[in-house]
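A short write-up of the structure that comes next.
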Amino acid sequence: MSDPAPAAVKAVRPPDAMKKLVALCKQRGFVFQSSEIYGGLKSAYDYGPLGAELKRNLMGEWWKDMVTTRENVVGIDASIIMHPNVWRASGHAAGFSDPLVDCKVSKERFRADKAPRPAVGSALPITCADKGVAKDWADRIAKDYGVELDRDANVLNGLVAISATEFGFVPKGASAPTKTWPWRGYVGPTFGCPFLTDEKQFNLMFRTALGAVDPMQDVANALAELTAAPDLSAAVSAKFGRDAAEGVLAKSLTDFATTKDRAKLLRGVIEHLTAPSMAYLRPETAQAMFVQFKNVMDSSGMKPPFGIAQMGKSFRNDVTVEHFIFRSCEFEQMEMEFFCEPGTQKEWMTFWKEARMSWWRRFANYPDDFTFRQHASDEMAFYADDCYDIEYKYPWGWGELEGIASRTDYDLSQHEKHSGVTLQYVEQEKADPKTGAKPWKYKPFVIEPAAGATRGLLCFLLDAYHEEERVTATGEKEIRTVLKLHPKLAPIKCAVLPLVKKDGMPEKAREIIAALLKAGVNAKYDEKASIGKRYAKHDEIGTPWCVTVDGDTLLNDTVTVRDRDTTQQIRLPIAEVVATIKARLEA
Ligand code: ATP
């Protein structure tokens with residue numbers, strides 16, 4: 001019954017942890033590709049039995065820390081579809097699009113604002129996947145751009161960043177470029193290629209139509225009628241009458257007068273016909289907290305400084321899908337808007353920065369893998385007066401996990417403007433610092449800690465993934481994979497294992513399971529395979545403790561409790577199992 005591996009070395013995180021983790025997630029039921037039996041849906045993921053538990057535990061810990069253990073924060077659960085004007089007020093409808101660019105050689109599509117920007121004067125090598133690809137791309141570049149790049153294995157050399165707006169080709173041994181092209185100062189992130197298309201705007205919000213009547217039938221009818229008319233512009237004006245004199249249709253008609261672009265005018269018609277039913281899936285959970293600020297204050301008696309928190313699904317039609325669940329189209333966020341008196345935002349920023357960082361680190365094996373990065377002033381939104389990211393050290397480098405922004409009163413002001421409803425707090429006890437008059441009516445300033453729950457789940461899986469080389473009792477080397485998840489996050493807290501499936505051991509194990517479940521501990525009974533294999537499986541899925549029923553149990557009502565991280569076992573009376581596991585969980 002004792003653990004079969006006598007000698008163990010320190011567990012380490014292997015360099016290819018990400019690859020192994022993705023495989024483990026599927027094999028053990030943490031994360032599956034969405035709709036896999038239909039070939040999968042790019043950038044959408046399903047959380048399996050263990051992943052769903054892990055996500056719930058993570059989000060439950062956030063809710064406990066941010067809402068239920070704080071007097072000055074309340075939670076809401078808002079609808080995913082909100083009034084379209086919310087997104088006009090927030091700026092998402094107009095500006096929630098990232099400029100995207102295609103590489104003309106590799107066909108890679110990427111976000112211009114995230115692309116590498118090589119220094120002026122530096123070489124711009126194109127690094128291809130292998131020598132064969134290098135030859136193909138060199139031929140394509142020779143044909144399309146008229147230059148013979150120098151091939152060195154899989155790297156194409158000869159391009160140089162001449163200035164911030166121009167790159168050129170400098171043949172081997174030459175000192176000046178023989179050919180130049182205009183440039184926007186960045187290259188494709190994967191291959192480093194500077195031959196790029198123009199930037200294109202993509203709306204990241206998912207659109208949907210509200211109402212049972214499908215607006216597409218109206219669109220189809222209108223297009224059938226308009227495209228048959230000899231004079232498109234006159235037909236649009238006649239069909240839409242007053243509507244054609246204002247809004248999107250008026251603009252399309254004016255543009256058409258100069259461009260004669262029929263497609264653009266018909267697009268205007270479609271926008272006009274679909275606008276009344278158009279709705280969006282929320283791209284963030286935050287806006288509901290601003291929109292319900294007054295209702296929450298009026299109904300709950302909260303007054304600044306106080307926070308409104310929410311967690312749940314958000315949707316972004318992100319074209320740049322990256323690194324497994326790091327960036328996906330549908331994901332979960334955990335956000336809080338903390339409303340405070342203008343002038344106190346610096347103190348609250350310090351407070352929430354520390355609170356949020358200590359929360360992430362509390363559950364980590366490697367707290368130093370979480371760090372702050374302050375945004376430079378040109379990186380911040382124009383209305384923000386300070387902003388930090390909590391970054392995690394992913395296998396591909398540091399990247400965002402949570403943003404903490406000091407957003408001034410921008411959001412409340414915007415919603416006030418667009419809704420016509422006053423969104424302010426009336427402080428009876430204080431005088432307005434500017435006028436000296438009482439009461440002080442002000443729009444609170446906001447600190448927003450906005451975290452990714454599914455991205456957080458990836459961080460904790462990466463933090464937990466370990467391998468340990470061990471020597472078995474027969475002298476062979478073996479790798480023990482162990483997911484060192486914090487017990488509060490672990491999907492299964494305790495496995496109860498009969499050593500063999502006979503002699504009354506399963507019955508005893510079932511009694512223990514029943515007691516654990518009754519006490520609210522997520523425990524699982526497991527009798528399949530050898531005891532060594534069962535320990536290995538539970539190490540791999542992060543179960544912190546295994547309780548084993550063996551021959552001695554039948555004699556003296558004791559069991560062993562094995563610790564996942566140390567593999568050490570202690571023997572306990574059955575009567576103490578529940579209290580011991582619960583005490584360790586709370587420790
Ligand atoms: P990024 O720069 O990575 O696109 P962002 O600055 O747009 O992130 P925010 O709008 O600040 O992100 O959202 C808050 C948090 O939500 C992020 O820190 C991240 O953890 C998470 N998040 C944002 N977009 C996605 C996504 N597409 N998939 C998974 N998580 C996401």
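Counting starts at 1 for both ligands and their atoms, in listed order.
No close placement of the F315 and H92 rings is indicated, their centers lying 6.0 Å or farther apart. Side-chain rings of F460 and W360 approach one another, their centers coming within less than 6.0 Å. The six-membered or imidazole ring of F293 lies near that of F339, with a centre-to-centre distance under 6.0 Å.
Checking E332, E400, E335, E402 against atom 6 (O) of ligand 1, the nearest heavy atom belongs to E400. The residue from P449, S328, C329 that puts a heavy atom closest to atom 28 (N) of ligand 1 is S328.
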Worked check of side chain to side chain donor-acceptor pair (under 3.5 Å) between Q414 and D411: CA-CA 5 Å; Q414 283 296 101; D411 307 87; over 6 Å; no
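Remark: ligand 1 and Q333 share an N or O pair separated by less than 3.5 Å (distance only, no angle test). For ligand 1, the polar-atom distance check against F331 finds no nitrogen or oxygen pair separated by under 3.5 Å.
By the 4.0 Å heavy-atom criterion, K114 is counted among the residues contacting ligand 1. The shortest separation from a heavy atom of E391 to ligand 1 is not under 4.0 Å, leaving the residue out of contact. Put simply, part of R316 is less than 4.0 Å from ligand 1, judged by heavy atoms.
Neither the backbone nor the side chain of E284 comes within contact range of ligand 1; no heavy atom lies under 4.0 Å. Residue contacts with ligand 1 for L401 involve N, CA, C or O but no side-chain atom from C-beta outward (heavy atoms, distance under 4.0 Å). The backbone and the side chain of R327 each have at least one atom closer than 4.0 Å to an atom of ligand 1 (non-hydrogen atoms only).
In this structure the side chain of T165 never reaches within 4.5 angstrom of the side chain of W183, judged on heavy atoms. Looking at I404 and M349, their side chains come closer than 4.5 Å, going by heavy atoms from C-beta outward.
Side-chain contact, Q287 with H415: a donor N or O sits under 3.5 Å from an acceptor N or O.
Relative to the six-membered ring of Y425, K441 misses at least one condition, a distance below 6.0 Å or an angle of at most 45° to the axis.
Heavy-atom contacts of R111 reach the following atoms of ligand 1: 4 (O) (cutoff under 4.0 Å).
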